[in-house]
Trainee: 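Take a look at the following structure, please.
Residue numbers start from 1 in every chain, and the chains themselves are labelled A, B, ... in the order their sequence lines are given, proteins ahead of strands. All values below come from the heavy atoms of this structure, side chains included, with hydrogens, waters and symmetry mates left out.
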Amino acid sequence: MKVRSSVFASLCLLLEVCGIALFLRGFFPVPVKSSFTSKSKLSDLPAEPLSSGNGPNTSKVPPPLFKRVVIVLIDALREDFVFGTKGRQFMPYTRHVIERGSSLSFMARVRPPTVTMPRIKALTTGSIPGFIDVVINLNSQALLEDSLIWQAKAAGKRIIFYGDDTWVRLFPKHFVEYDGTTSFFVSDYTEVDNNVTRHLDSTLKRDDWDMLILHYLGLDHIGHLSGPHSSLVGPKLIEMDDVLKKIHASLISKETEGSLPNLLVLCGDHGMSETGSHGGSSDPEVRTPLVLISPAFKRKTGMEKPSTVEQVDLAPTLALALGLPISQNSVGILIPPVFQETSLREQLRFLHLNGFQLSCLLKDSMAGYEKGYEQFRVAEKSHGNWMKLYLEGNASEVLSNMGKKVLKQYLDALKAMSSALSRQLGKYDMYSMVVGMILIFQVLLLLLLATPEALSGGARVELPLGSALLSLPFYLLCLLCTSVHMLVCTSTENSCYLCGLPWSFAVAAIVVVSATLCLLREEGRARSPHKNSSDPSSFSELDILLLTGTLGHLFSLGASSFIEEEHQSWYFLLSTLCLAIFQDVCRTYFSERRGPADELCHPHPREVAPSKKWLALATPLLTLACCRFLRSLNQTGVQWAHLPDLGHWLTSAEHKVALSLLSASSLALILILVQHRCSLVSKIALALGLLGVYSYRAAVGNVLFPWQHNLRDLSKGTVEARFVYVFVLGILFSGAKDLLRSQVVTADVRLKARGLWEVYSGLVLLASLLFRPHNLPVLSCSLLIQTAMRQFIWWEQHYDAAQITIMHYWFGQAFFYFQGNSNNIATVDISAGFVGLDTYVEAPAIFLTAFSTYAGPLLWACHLVCYLSLEHARSTTAMAHGCYCFALLRSIPAAAYVILVTALRYHLFIWSVFSPKLLYEAMHTLVSTAMCLFLTVMDQNHGGRP
Amino acid sequence: MWDQEIKGMASAHMFIASAVFVGTLLPAIVAEKFSVYGSHLVWVYSVAGSVAAVNVAVFWLLGVGLVAKKNTLSYKVSRMVRSGLHFTLSCFFYHIIVVLYGAPLLESVLETFSLAVLLSTFTTLRCLCLLGPNVQAWIRVFSRDGAMSVWDTSLQITTACSVIGAWLGAFPIPLDWDRPWQVWPISCTLGATFGFLSGLVIAPVWIHWHRKQLTYKSK
Ligand SMILES: [Zn+2]
Ligand SMILES: [Zn+2]
């Protein structure tokens, strides 16, 4: 069976998308969450277990242990800042309380990523937020899960918060009083803390609150500025010590006989590495102090080595100690010393409640029951027996011994359940990952093996599907894969994703894998005789640059810095490409000046108009200048992200006039460059649409109309944006109509080119609506470069489809970063998803966000289609070759990156650098696949004609 | 004849290469607290100066590889002036290229310009010495199959090596190692210098290796 190489490429990319999806499913385990959408309620709590019948007082809600709680959270508080030598030196009061006062101190271990937001989630919900949580919750900042704060508010407790405004965003409307300080200015380490402390005196005097949360950021900022050993740390710790002293003194003075005691909690959200940063999993980053101070605890007699607990243990402990239900998704276990002073019956009751919550979560999130679950059942039974004896009035030593035994049983069960749950969270599903990788690599090998044939003059690939499917090895492979599947699924304790799937899917996967393998074998056999068909000496300098650039970028992905600063690689390659094109142009147009002896090697000296010659010469330089300008528009990446850029300058309020002028001229340039190939109706629609874009931005308040001087009447611009959407749809529709007509009725190449161009201009209009106004030059520059390159370089220089495709791909990548994107999830511009929508609607919001994020690569790919359809006049295989190269260009980095991420899955930066990049790669592959399919459809039409 | 020419070139290259080392060592002996990273600009200009001096001495004064047509004083002076102009223009040209590659536009202008001066010394100055201020000849040498003597080929190789060295030198800058040589433009100047040195070594070796294939048309 012979298929066109574009069809072959599209099929391969589709298969690759499946492989990547499978890999992602294995790489990002779904977080453990209970399936109930409601939150825990007091009324749902189980009764105390009794072996027979219901005695009196059994379903009583446990009484709270503390009246008020003050939580002092010091950002980036390392363990040794309190328990180490620094603590002795700079936090004398705290150390005194820890050593001599009634307090409990622990070393709380933190889970990576050691970043503030996930840590606040862990502290308040008791769950371990996975990386995928960050992505899923991209659209809504508020924490919708069950949490300690939610429970406290539901129980009518009044909560006051001062500090990092992450809390205010996570828990809107939860605090009766709050003052959020932004952590944006890392260089400020005094004002952020004064903003918190200034409220302290008045708040401590009052009695109208039950919970006070203080989040101090100064220490973290000092860490980022100058590291944990800087001279600024000492004074900051002394300041924090004074704050603690003040709060503690106030709490003691408020203590009255008869009422419940108060609790003061000192904790850190994460530690600080030796360089002062955080995010990874090194020891100083994951070890934080946890000090609980309350008269309810026994007085200490000296410094003890603090025992280790998990950070997530704080949430269930506080919940139970305040008489609240434990939040649903908590995986922590209560800290037993906190409940030491209560009666044995109460202690057992607390453990029972914690165990019940964990067992519910366990039952909900795992298919098979764990050992811990059985342990909990046993403990519950003996608890019932103990209760029976206790209620009968037995008070002997036997009872207390038995109670202690039950306690131990409970603790063991809790530990087993908690570790089973956390294991589920931190584990990679290797089986799915390996199967996904096999698929991806088979596709890559297929593409590579078929390259010579696909890029040959015929642009057709022999696909020996029939012989592969009917051969014996295929059935043997199927059998082998099935047995491997059975073996894996029966042997692993934690069920992996593939084993959980219904059999039909698994069989499909097996068949696909083995069929591809057989295909590979056949292809390999067919290729082996005529190897080395391409002669390396026939490569021009440009070919060498394109090849080494692609490979060099591939290798650069191995270093985390190069991923963080990937834009630099692309900018660099692009500049070099422009210079190489410049040199190429020089060589073509200025070689005639050489002596007559050279006439032999250049038999056809080009007759070109001199103006065209100079324009061709100017184009690469113009491109270079444009790229340099765009590069300073958005400073992205990590190392130099803080540097001032043009984008910030333009968006600041006092430069609104400049921004208005710039965006208006960009829109005008877009109109001039795009319109000349459209039909008249589309031209008018485009002009109106671009006008609509400007008035949308004016309505939102980004830009100004000359007659508009006040900014009182700001709206959401819904009407204007929908006005533009109408034109976008109209242009797209008319383009699609032209394409259909050219495909079905007339097979007219010019009609088709116009249709393609109209689709392209519709997309440009949509992008100009979604782009922020300071990014509009990105769009106009991309159009300018495309026009100039198309007119003077690509066509004149007779570059082949492969070279054109690679150049488009490079430009697309560079424009992805010119827009201000980076390999960090935080730079995704979510506001694009709300353009023209009143409320958050999921499907259009996701589509619009994805489109505006990938607008650069998409528009360049779309331009590639338009250009190749023109090129078709010269070579009928141009589109097929372009499509094939495009697929190859995408699948090589995707496959390499998948391997890399698997190898580095325990790397320090896996969450902060490599995982976001993996998501970007996957999304990019999806977008490219869509483009490739579009190309294939366009190519089919040409292929159909003789 | 081949051997003699290659030998002459190798020794000339040796002189130039030693100029790089002299340019590094001399300020280290003379000036206190000199280091390649710390007082980088001093190093750059010292190397550029010594390489320029040796180049001029070897090629212009000794007349190696250069066919002087006239010998009048006015011709020499005009030649000097035009060479100086070309050199300055080439410095600005490199500066603009480096800025287009992403060097900061306003900050550290001096550093960027020093890199441009160094690159000009390694490439343009040699062109000036070997070919004179004659742009036509430059274009001929740097177009495909344009070399007409051993010296042209050596010029091609050293120029390409210097530029590629500077190009490769930009790669370590984004790495987060916080080394002193990652500061702009140290890695690029070092890259250019190493490229130039390796070009000086490669050129005679390569010509020697390919002496059978090399045929120069005008000879
Ligand atoms: Zn933090
Ligand atoms: Zn921080």
Trainee: Is the number of heavy atoms from other residues, nucleotides or ligands within 6.0 Å of CZ (Phe93(B)) greater than 12?
Mentor: no
Trainee: Side chains of Tyr101(B) and Leu624(A), heavy atoms from C-beta outward: is any pair under 4.5 Å?
Mentor: no
Trainee: Of all heavy-atom pairs between Pro174(B) and Phe562(A), which one has the smallest distance, and what is that distance?
Mentor: CG-CE2, 3.9 Å
Trainee: Heavy-atom cut-off 4.5 Å, strictly under: side chain, backbone, both or neither for Ile96(B) against chain A?
Mentor: neither
Trainee: Name the region of Leu579(A), side chain, backbone, both or neither, that has any atom closer than 4.5 Å to a heavy atom of chain B.
Mentor: side chain
Trainee: Would you name the heavy atoms of Leu100(B) and Ser575(A) that are closest together and state the gap between them?
Mentor: O-OG, 3.9 Å
Trainee: Side chain, backbone, both or neither: which part of Phe171(B) has an atom under 4.5 Å from a heavy atom of chain A?
Mentor: both
Trainee: Counting only heavy atoms not in Glu274(A), do more than 12 fall under 6.0 Å of its CD?
Mentor: yes
Trainee: At what distance, to the nearest 0.5 angstrom, does CZ of Arg587(A) lie from CD1 of Ile139(B)?
Mentor: 12.0 Å
Trainee: Checking heavy atoms, do the side chain of Thr576(A), its backbone, both or neither come under 4.5 Å from chain B?
Mentor: both
Trainee: Please determine whether the number of non-hydrogen atoms from other residues, nucleotides or ligands lying under 6.0 Å from atom CH2 of Trp209(B) exceeds 12.
Mentor: no
Trainee: Take atom CZ of Phe142(B) as the centre, draw a 6.0 Å sphere, and report whether it contains more than 12 heavy atoms from other residues, nucleotides or ligands.
Mentor: yes
Trainee: How many angstroms lie between atom CD1 of Ile173(B) and atom OG of Ser561(A), to the nearest 0.5 angstrom?
Mentor: 13.0 Å
Trainee: With a sphere of 6.0 Å drawn around CZ of Phe92(B), does it hold more than 12 non-hydrogen atoms of other residues, nucleotides or ligands?
Mentor: no
Trainee: Could you tell me which portion of Tyr571(A) (side chain, backbone, both or neither) has an atom closer than 4.5 angstrom to a non-hydrogen atom of chain B?
Mentor: neither
